[in-house]
Amino acid sequence: MYYSKLFIPTLKQSPADAEVISHQLMVRAGMIRQLAAGIYSILPLGLRVLKKVEQIIREEMNRIGGQEMFLPSIPPAELWQESGRWELYGKELLRLTDRHDREFCYGPTHEEVITDIIRGGVKSYRQLPLLMYQIQTKFRDEVRPRFGVMRGREFTMKDAYSFHADEASVLEMYEHMKQAYSNTFSRCGLDFKMVEADSGTIGGSFSHEFMVLADSGEDAVAFCDTCDYASNIEKAASRTPDPVTPPKKPDPLKKIPTPGKKSVEEVAQFLKVSARQIVKTIILENENGLVAGLVRGDRQLNLVKLKNLIGCDWLQPAPESLIVSKTNIPCGFIGPVELDMKVYADHEVAVMHNFVTGANSKDAHYTGVQFERDLNVAQMGDLHEVQEGDPCPKCDGGRYRVKRGIEVGHIFILGTKYSATMKAFYLDDQGKENPMIMGCYGIGVGRTAAAAIEQNHDDKGIVWPAPLAPFQAVVIPVKFDEDRQRQASEEAYRTLGDLGIETLLDDRPERLGVKFKDAELLGIPLQIIIGPKNLDAGKIELKSRKTGVSELIDFPDGLQIIPERLQNL
RNA sequence: CGGGGUGUGGCGCAGCCUGGCUAGCGCACCUGCUUUGGGAGCAGGGGGUCGGAGGUUCAAAUCCUCUCACCCCGACCA
């Protein structure tokens, strides 16, 4: 395409409200424009990239037997009431009312709709398994949209759903999905990790996230430096600590005045002990009231782990006002000894002796606390968040590393959660009715593109992996209005087109520097520079965006090597 | 939802505290001349309800009240 005919509004300066690099560059490169919080217009150049991502996803979904379809973006409330999510989903679900006062929502995900269709069309185990998918606009009324298309409210998502007659079948599909997702993100040129993820109430280890490693990621990924164990930090298991031989004569419980010393650091300094000798007591609130979580002083409590251990519906830090009104103990001095609520202890705490805790009264702490003797613990488990350097739970000698990640894909097995409540039943070979077993699998299309930029950019702009680039090559004449250069440029443009290369011809009457800057900002993998001196010698210049290395090639025959060059980008 | 911040041509900003004359600067845009292998120079030009509403005042971008939008920091998610 001819650059002068396209709408590519590039900017020299970043918009003030763009925080992360991918957002800045997508705006500067003329790919997107913001319309409202978390709502973006996708401009032609941006759409070309999204279509590339979509096409890769399509090919990988089709390869494992996925069937593409397109579901309504605005489903009626009844389906959601039937599944129970009309109430459960909360404010993130954008609710709409039509002229007849009927309720609808803008679909944030489509389990209900697809389950409704499948239950009407599938009656026999012979029709299973099925894998259905769509690529469609979703809307989630996020509390805090940010980072451009990385966390928009309106966004494009590939969502897939599978239906099975038995567990083995869904597990097999799950493995296919892992492969398809790995292929997809590899083909997008991304450095990613497949990690175990919290599967919430569904249980089992059947949930994986695909994380693109990038400093701007909103999630943390913990992975072993030796074996292949990797997990979202929310779920990353810690190694069970070795038992510690108790001292022959344990210290007695002693109440020590610690005026004004609230934090672990303050108490440790004041009592001249290490943070590892202190036990932190964190008060949380769930549907049944207050509970306490215990972790070592140098650890952070992992809320997801504790929630899973308790098995409650929700769990959050209790506000200080609530704690004080219920317990009459000021924050900073709470401890597990004779605390009037259920106490859950991290397994590291269980092997401690002679430790320090709050004394449940203002300006005082206990020393010489003994786990067995002094505490009444409801349950113990792995409750702390792992840190860089912690031992790997799966292999000997391995150490955890922790990095930031962007969640671009998530797969999990749903089981019969929707099929049971929505009565999606099939008849098995005994003629018996069973709920179908389901899996669901999502990829954020725009987020994948943004993640690609986070991983592939430099101070000049985007450096697209060739498979995602809006154009694979750009022909840059030094002066387009000079006859010989124009003819050579157009010939190069045609030749590349014949070779199946998507090419941009920069025919604008701009100075060369401007054309270079734009080509670099846009991140087009290969530049073909056509100038008078090189033409005299029958040559043109081929320059790589990524390496900045340029070489002279014969014109026009040398153009034939370009498809091969692109293979390696 | 809590806490903080910002709204001034398409983009980035100054002006506001201490009201005052035609609202200014850089980039971008239009015209002309010169220039032309790394974001050109000169000259001329177009474009702004100063987020919105109300108020104070002889006079409001500036002060007051209300309101809307957007951004940033904390619990959810592709």
Side-chain angles (χ1 to χ4, degrees), chain A residues 9-20 23-24 27-28 30 33-39 53 57 88-93 108-110 135-160 181 185 197-198 200 209-212 218-219 232 234 284-285 303-304 307 314-319 406-412 440-451 460-461 476-482 485 509-521 527 529-535 540-541 543 548 550:
Chain A
T10 59
L11 298 173
K12 285 188 187 177
Q13 283 172 304
S14 290
D17 53 12
E19 192 77 359
V20 297
H23 186 193
Q24 293 172 9
V27 174
R28 284 189 56 206
R33 285 291 183 269
Q34 182 172 5
L35 185 60
I39 298 177
V53 176
I57 293 172
L88 285 178
Y89 218 101
K91 287 190 177 166
E92 207 170 284
L93 186 65
T109 172
H110 278 77
I135 296 175
Q136 203 221 29
T137 301
K138 303 281 192 252
F139 195 97
R140 295 184 188 173
D141 201 354
E142 292 274 348
V143 186
R144 189 153 113 70
R146 61 184 138 172
F147 300 158
V149 297
M150 208 114 100
R151 177 178 297 279
R153 292 193 291 173
E154 184 179 277
F155 59 100
T156 304
M157 176 167 133
K158 185 283 298 181
D159 47 326
Y181 271 45
F185 297 122
D198 180 51
E209 291 167 335
F210 290 76
M211 295 284 195
V212 170
E218 295 183 84
D219 289 279
N232 190 309
E234 289 179 350
L284 307 126
E285 182 188 7
L303 275 184
V304 175
K307 174 171 173 283
W314 56 273
L315 184 71
Q316 60 184 32
I406 300 164
E407 183 192 351
V408 290
H410 196 166
I411 60 176
F412 46 99
C440 76
Y441 321 91
I443 292 178
V445 175
R447 191 181 277 185
T448 300
K460 297 187 181 108
I476 304 176
V478 170
K479 274 188 74 169
F480 188 68
D481 58 4
E482 200 258 325
Q485 291 180 54
E510 294 286 354
R511 295 164 70 88
L512 184 63
V514 174
K515 292 189 270 196
F516 279 146
K517 292 290 182 194
D518 279 335
E520 283 157 355
L521 177 60
Q527 299 165 12
I529 302 148
I530 296 182
K533 294 190 200 91
N534 288 328
L535 276 182
I540 56 176
E541 186 179 335
K543 187 172 180 183
S550 62

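Within every chain, numbering begins at 1; the chains are lettered A, B, ... in the order of the sequence lines, protein sequences first and strands thereafter.
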Colleague: Regarding A:Glu234, tell me which of base, sugar-phosphate or nothing describes its non-hydrogen contacts under 4.0 Å with the strands shown.
Modeller: nothing

Colleague: Between A:Phe147 (CZ) and B:rC71 (C1'), how many Å, whole number?
Modeller: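 Computing the A:Phe147:CZ to B:rC71:C1' distance gives 11 Å.
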
Colleague: So what does A:Asp518 hit on the nucleic acid, given a heavy-atom distance under 4.0 Å: a base, only sugar-phosphate, or nothing?
Modeller: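 Contact class for A:Asp518: base.
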
Colleague: Using a 4.0 Å heavy-atom cut-off across all strands, classify A:Asp481 as base, sugar-phosphate, or nothing.
Modeller: nothing

Colleague: Can a side chain N or O of A:Lys12 be found less than 4.0 Å away from OP1 or OP2 on B:rA28?
Modeller: yes

Colleague: Over how many whole Å does the gap from A:Asp198 atom CG to B:rC76 atom P extend?
Modeller: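 In whole Å, B:rC76 P lies 10 Å from A:Asp198 CG.
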
Colleague: Provide, to the nearest angstrom, the distance between the CD atom belonging to A:Gln34 and the P atom belonging to B:rG10.
Modeller: 16 Å

Colleague: Residues in salt bridge (charged side-chain N to carboxylate O under 4.0 Å, His left out) with A:Glu142, at least two apart?
Modeller: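 Residues passing salt bridge (charged side-chain N to carboxylate O under 4.0 Å, His left out) with A:Glu142: A:Arg151.
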
Colleague: Identify whether any heavy atom of A:Arg146 sits under 4.0 Å from a base atom; if not, whether one sits that close to sugar-phosphate; answer base, sugar-phosphate or nothing.
Modeller: sugar-phosphate

Colleague: Categorize A:Ala36 for me: base, sugar-phosphate, or nothing, with a 4.0 angstrom heavy-atom threshold over every strand shown.
Modeller: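 Touches sugar-phosphate only.
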
Colleague: Contact class for A:Gly513 vs. all strands (heavy atom < 4.0 Å): base, sugar-phosphate, or nothing?
Modeller: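 Since only primed, P, OP1 and OP2 atoms lie under 4.0 Å of A:Gly513, the category is sugar-phosphate.
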
Colleague: Enumerate, in order of first residue number, the stems that involve RNA chain B, defined as 3 or more consecutive Watson-Crick or G-U wobble pairs with both distances under 3.5 Å.
Modeller: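 Stems for RNA chain B, defined as runs of 3 or more consecutive pairs: B:1-7 with B:68-74, B:10-13 with B:24-27, B:29-34 with B:40-45, B:51-55 with B:63-67.
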
Colleague: Which part of the nucleic acid does A:Gly152 contact within heavy-atom distance under 4.0 Å: base, sugar-phosphate only, or nothing?
Modeller: base

Colleague: Need one value for A:Gly531: base, sugar-phosphate or nothing, where a base atom within 4.0 Å counts as base even if backbone is also close, heavy atoms only.
Modeller: base

Colleague: Before giving the answer on salt bridge (Lys or Arg N to Asp or Glu O under 4.0 Å), spell out for A:Arg146 and A:Glu218 the whole-Å C-alpha distance, their side-chain angles and the decisive distance to 0.1 Å.
Modeller: CA-CA 11 Å; A:Arg146 61 184 138 172; A:Glu218 295 183 84; 3.5 Å; yes

Colleague: Touch check for A:Thr109, heavy atoms < 4.0 angstrom, all strands: base, sugar-phosphate only, or nothing?
Modeller: nothing

Colleague: Give one of base, sugar-phosphate or nothing for A:Arg28, where a contact means two heavy atoms less than 4.0 Å apart.
Modeller: base

Colleague: In this structure, how many angstroms lie between the C1' atom of B:rA14 and the CD atom of A:Gln13, rounded?
Modeller: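 In whole Å, B:rA14 C1' lies 14 Å from A:Gln13 CD.
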
Colleague: Measure the distance from CG on A:Asp17 to P on B:rC13 and round it to the nearest whole Å.
Modeller: 9 Å

Colleague: Side-chain donor or acceptor of A:Lys517 under 3.5 Å from a matching atom on the base of B:rG37?
Modeller: no

Colleague: Is it possible for you to check whether A:Lys158 lies under 6.0 Å from the centre of the six-membered ring of A:Tyr441, through NZ or CZ, and within 45° of that ring's axis?
Modeller: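 Judged by the rule, A:Lys158 and A:Tyr441 form no cation-pi pair.
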
Colleague: Taking OH from A:Tyr181 and P from B:rA78, how many angstroms apart are they, rounded to a whole number?
Modeller: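 Nearest whole value for this atom pair: 10 Å.
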
Colleague: Select base, sugar-phosphate, or nothing to describe what A:Lys543 touches, counting heavy atoms under 4.0 Å on all strands.
Modeller: base

Colleague: Send over the distance from A:Lys91 NZ to B:rA75 P, rounded to a whole Å.
Modeller: 18 Å

Colleague: For the side chain of A:Arg28 and the backbone of A:Leu11, is there at least one donor-acceptor N/O pair under 3.5 Å apart?
Modeller: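 Yes; at least one donor-acceptor contact below 3.5 Å.
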
Colleague: How long is the line joining CG of A:Leu303 and C1' of B:rC77, in whole Å?
Modeller: 16 Å

Colleague: How would you label the contact of A:Asp141 with the nucleic acid (heavy atoms, under 4.0 Å): base, sugar-phosphate, or nothing?
Modeller: nothing

Colleague: Are A:Asp198 and A:Lys307 close enough for a salt bridge, meaning some N to O gap below 4.0 Å?
Modeller: no

Colleague: Can A:Phe516 be called stacked on B:rG39 when the rule is centres closer than 5.5 Å and an angle between planes below 30°?
Modeller: no

